[in-house]
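Just so it is clear, the structure is predicted and the values come from calculations on it, not from any experiment. Residues: numbered from 1 along the sequence shown. Counting starts at 1 for both ligands and their atoms, following the listed order.
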Amino acid sequence: MIDSLEKGRTQDVAAPVVLVTGASRGIGRAIAVHAARDGWSVAVNYRENREAAEETLRLCGSERRSPTQKFTAHAADVGSDNEREALIQSVAEAHDRIDALVNNAGAAPTVRRDILETTPSSFRRVMETNLLGPFFLMQAAARFWLSGTMQPRGPSGFVIVNISSISAEAASLNRGEYCVSKAGLSMASTLWALRVAEFGISVCELRPGIIATDMTVGVRERYDALIAEGVVPAKRWGTPDDVAAVCLAILGGRLPFTTGAVIHVDGGLHIRRL
Ligand code: NAP
């Protein structure tokens, strides 16, 4: 896994390289496009939606700032050990290096069920995608960066950003496996931030609230009503661009000396009220 990334160490490219998982749609696509706009090369991971991934590549291309930027698509289920390894190999072959990892790919339960009815297969699928995949991608990136002499091209050293969720702290009884996976991802961010801080690698958690994407299409009317009632203090849906802007602030070095941080992007949804 690591050997494949090491292959490219001697080669030089001008643009830093970011791998964004789940970048074919939604928040991941917005992060990819903002990264392209800010001069990054982008490895766009997706699970199965090739057409959407190609649209992300097209959008990245239209934001290109330098001829050294490269935009590539890589199909892989991040929850599968074999496919995750193949993903790393394929990114290494395409870009020869990696400067930042954005663990964005995520899945909600296919069917929302009360925790009295949660099935092991749904629990396993959600945990593999939302927790196991990101954990071991962080391990692969950290091992690679720690075992070599490659200097980061990004403005703030090597960076990992994990996209968790308000569900890391807000309990939803009808999708417990999702909440558990995001709470686990939050601790994984903390662990990796602690483990690699002394090497100049930062790890931050972005915690989005209610964001308008395919993931929330099925609950749009219900959330429209909740937002109108004031559940979100800012009284609006979040957008993928809201999350991408904060992510690029981190990738762009505008939060120096920050690691292990949890950054809410939720219009105040997390604020406890009385
Ligand atoms: P989305 O619109 O449903 O898009 C999901 C993306 O993840 C797609 O690109 C999908 O690829 C990819 N994906 C799903 N399972 C994957 C897997 N096993 N391996 C690789 N890629 C996979 O989701 P989103 O709303 O943008 O959510 C992005 C992240 O933000 C997720 O981690 C989600 O939990 C988190 N989040 C979302 C909200 C929200 O309100 N939307 C709030 C808080 C946190 P394909 O296109 O190939 O299916």
Side-chain angles (χ1 to χ4, degrees), residues 19-33 42-57 59 73-88 90-91 101-110 122 124-134 136-137 161-170 172 175 177-186 188-189 205-220 222-224 226-227 231-232 236-244 246-247 262-267 269-270:
L19 165 59
V20 185
T21 66
S24 48
R25 294 180 283 127
I27 293 169
R29 173 185 280 174
I31 291 169
V33 173
V42 188
V44 170
N45 159 251
Y46 65 104
R47 189 188 45 183
E48 60 184 7
N49 200 334
R50 174 85 206 173
E51 212 173 299
E54 279 173 0
E55 176 61 7
T56 301
L57 295 184
L59 292 167
H74 309 265
D77 177 347
V78 297
S80 148
D81 295 348
N82 290 342
E83 292 188 32
R84 208 169 44 251
E85 196 162 332
L87 167 65
I88 290 163
S90 140
V91 173
L101 164 67
V102 179
N103 274 316
N104 164 80
T110 314
S122 175
R124 199 171 289 117
R125 185 184 74 85
V126 170
M127 293 295 282
E128 285 176 353
T129 302
N130 297 359
L131 180 55
L132 181 144
F136 285 102
L137 282 173
V161 177
N162 292 311
I163 309 297
S164 71
S165 169
I166 184 71
S167 299
E169 58 185 312
S172 298
R175 51 191 176 112
E177 61 273 60
Y178 183 78
C179 298
V180 172
S181 72
K182 293 300 187 175
L185 180 58
S186 183
S189 293
E205 174 191 349
L206 289 195
R207 203 174 271 188
I210 301 173
I211 311 294
T213 68
D214 292 347
M215 189 178 274
T216 46
V217 161
V219 288
R220 196 146 290 175
R222 194 164 80 79
Y223 284 1
D224 276 344
L226 288 172
I227 290 168
V231 160
V232 178
R236 70 164 175 85
W237 281 80
T239 67
D241 284 335
D242 290 329
V243 184
V246 179
C247 185
V262 178
I263 301 170
H264 298 270
V265 191
D266 66 358
L269 176 60
H270 69 283

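In T129, the part holding a heavy atom less than 4.0 Å from any atom of ligand 1 is the side chain.
Partner W237 forms a side chain to side chain donor-acceptor pair (under 3.5 Å) with one of D224, T213, D242 and no other, that one being D224. Here the rule is side chain to side chain donor-acceptor pair (under 3.5 Å) with E205, and of S189, S164, S165 only S164 fits it.
For the residue pair T21/N45, the side-chain donor-acceptor check at 3.5 Å is not satisfied. R50 and S24 share no side-chain donor-acceptor pair at under 3.5 Å.
The shortest separation from a heavy atom of P240 to ligand 1 is not under 4.0 Å, leaving the residue out of contact. N45 counts as a contact of ligand 1, since one of its heavy atoms falls under 4.0 Å from the ligand. At least one heavy atom of G209 sits less than 4.0 Å from an atom of ligand 1. Contact analysis leaves I166 out of contact with ligand 1, as no non-hydrogen atom separation drops below 4.0 angstrom.
Protein heavy atom closest to atom 19 (N) of ligand 1, with residue, atom name and distance, is V78 N, 3.0 Å. Among protein heavy atoms, atom 35 (C) of ligand 1 sits closest to S164 O, 3.7 Å. Of the protein's non-hydrogen atoms, the one nearest atom 12 (C) of ligand 1 is G22 CA, 3.5 Å. Scanning the protein for heavy atoms near atom 48 (O) of ligand 1, the closest one is R25 NH2, 2.8 Å. Ranking the protein heavy atoms by distance from atom 20 (C) of ligand 1 puts A76 O, 3.2 Å first. For atom 25 (O) of ligand 1, the closest non-hydrogen atom of the protein is T213 OG1, 2.5 Å. With hydrogens left out, the protein atom closest to atom 37 (C) of ligand 1 is I27 CD1, 3.8 Å, a heavy atom. Regarding atom 11 (O) of ligand 1, its nearest protein heavy-atom neighbour is S24 OG, 3.3 Å.
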Query raised in the report: Which is it for L206 and C247 under the side chain to side chain contact (heavy atoms under 4.5 Å, CB included) test, yes or no, and what are the steps along the way?
Result: CA-CA 7 Å; L206 289 195; C247 185; 3.8 Å; yes
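Within ligand 1, the atoms closer than 4.0 Å to a non-hydrogen atom of D214 are 2 (O), numbered from 1 in the order shown. Less than 4.0 angstrom separates some heavy atom of E48 from each of these atoms of ligand 1: 47 (O). Here is the list of ligand 1 atoms found below 4.0 Å of a heavy atom in K182: 31 (C), 32 (O), 33 (C), 34 (O). Taking a cut-off of under 4.0 Å to the non-hydrogen atoms of D77, the atoms of ligand 1 that pass are 17 (C), 18 (N), 19 (N). Atoms of ligand 1 found under 4.0 Å from any heavy atom of A105 (numbered from 1 in listed order, with element): 7 (O), 20 (C), 21 (N), 22 (C), 32 (O). If you number the atoms of ligand 1 from 1 as listed, the ones under 4.0 Å from a heavy atom of T216 come out as 39 (C), 40 (O), 41 (N). Counting the atoms of ligand 1 from 1 in the order shown, those under 4.0 Å from a heavy atom of G26 are 2 (O), 26 (O). Set against the non-hydrogen atoms of Y178, the atoms of ligand 1 under 4.0 Å away are 33 (C), 34 (O), 35 (C), 36 (N), 44 (C).
Nearest-residue assignment for atom 31 (C) of ligand 1 (options N104, I163, T56, V20; heavy-atom criterion): N104. Of the candidates G106, G79, S165, G106 brings a heavy atom nearest to atom 5 (C) of ligand 1.
Closest non-hydrogen pair, A108 versus Y178, comes out as CA-CD1, 3.9 Å. For the residue pair E83 and D77, the shortest heavy atom distance occurs at OE1-N, 2.7 Å.
Considering backbone and side-chain N/O atoms, R47 comes within less than 3.5 Å of an N/O atom of ligand 1. The shortest N or O to N or O distance between P208 and ligand 1 is not below 3.5 Å. Residue I211 has at least one nitrogen or oxygen atom sitting less than 3.5 Å from a nitrogen or oxygen atom of ligand 1, judged on distance alone.
Using a 4.5 Å heavy-atom threshold, the side chains of N49 and E51 count as touching.
In this structure, K182 contributes its side chain and E169 its backbone to no donor-acceptor pair below 3.5 Å. Looking only at distances, no side-chain donor or acceptor of R29 sits under 3.5 Å from a matching main-chain atom of A23.
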